[in-house]
Amino acid sequence: QVQLVESGGGLVQAGDSLRLSCAYFGRTGSTYAMGWFRQAPGKERQFASAITWSGDNIYYTNSVKGRFTISRDHANNTVYLQMNSLKPEDTAVYYCAARQRPGGLILPAAYEYWGQGTQVTVSS
């Protein structure tokens with residue numbers, strides 16, 4: 001079992017920055033990758049970014065490229081999502097997820113474990 005706990009969300013203005021944290025616990029030794037997803041009201045959960053456990057491969061959805069940076073710190077059992085130049089359309093609940101087996105990282109169904117989510121609201 002893997003437990004994930006997100007933090008760092010909040011209410012900010014357009015152009016501001018936030019850093020989300022995802023603390024992970026439990027049997028993480030077989031984790032292949034960690035991902036960040038987001039879900040706006042009335043919309044499906046969508047991929048934002050992912051990083052393989054080794055850190056060798058990083059992925060972003062087009063809408064956040066150049067603004068968001070994913071990183072992981074195994075010493076502190078934490079994955080981060082640094083979000084800069086935030087826009088109102090970034091408003092969503094952000095979820096951290098863990099995938100155990102190698103494979104695609106875009107679809108929510110690919111991930112076995114999820115955190116509870118943290119709200120990010122960007123005002124214009």
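Note that the numbering runs from 1 along the sequence shown for the chain. The figures here come from the full heavy-atom set of this structure, side chains too, leaving out hydrogens, waters and symmetry mates.
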Item to check | Thr91 side chain vs Thr121 backbone, donor-acceptor pair below 3.5 Å | outcome: no

Item to check | Worked verdict on Thr69 versus Tyr60 for side chain to side chain contact (heavy atoms under 4.5 Å, CB included) | outcome: CA-CA 8 Å; Thr69 302; Tyr60 299 100; 3.9 Å; yes

Item to check | Stepwise side chain to side chain contact (heavy atoms under 4.5 Å, CB included) test for Tyr95 and Arg45 | outcome: CA-CA 9 Å; Tyr95 295 90; Arg45 194 168 296 188; 3.3 Å; yes

Checklist entry - Given the rule in the side chain to side chain contact (heavy atoms under 4.5 Å, CB included) test, do Glu112 and Arg99 qualify, once you have shown the distances and angles that lead to the verdict? => result CA-CA 6 Å; Glu112 293 89 353; Arg99 178 181 171 117; 3.9 Å; yes

Checklist entry - For the hydrophobic clusters of this structure (ILVMFWY residues joined by side-chain heavy atoms under 4.5 Å, transitively), does one cluster hold both Tyr32 and Phe25? => result no

Checklist entry - Heavy-atom count around Gln116 CD within 6.0 Å, excluding the residue itself: above 12? => result yes

Next on the checklist: Could you go through Met34 and Ile70, starting from their C-alpha distance and side-chain angles, then the distance that decides it, and tell me whether this counts as side chain to side chain contact (heavy atoms under 4.5 Å, CB included)?
Outcome noted: CA-CA 10 Å; Met34 301 288 290; Ile70 191 171; 5.6 Å; no

Item to check | Minimum heavy-atom distance Ser49-Leu81, with the two atoms named | outcome: CB-CD1, 4.1 Å

Item to check | For the student: nearest non-hydrogen atoms of Tyr111 and Ala97, plus distance | outcome: CD2-CB, 3.5 Å

Next on the checklist: Any donor-acceptor pair under 3.5 Å linking the side-chain atoms of Ser17 with those of Asn84?
Outcome noted: yes

Next on the checklist: If I take atom OG1 from residue Thr31 and atom NE2 from residue His74, how far apart are they, to the nearest 0.5 angstrom?
Outcome noted: 9.0 Å

Item to check | Proximity of Tyr113 and Tyr24 rings by center, below 6.0 Å | outcome: no

Checklist entry - Less than 6.0 Å separating the ring centroids of Phe37 and Phe47? => result yes

Checklist entry - Just by distance, with hydrogens left out, do Gln100 and Ser30 show a side-chain donor and acceptor under 3.5 Å apart? => result yes

Item to check | Nearest heavy-atom neighbours spanning Ser21 and Thr78 | outcome: CB-CG2, 4.0 Å

Next on the checklist: Please say yes or no: joined through hydrophobic side-chain contacts below 4.5 Å, possibly via intermediate residues, are Ile51 and Leu105 part of one cluster?
Outcome noted: no

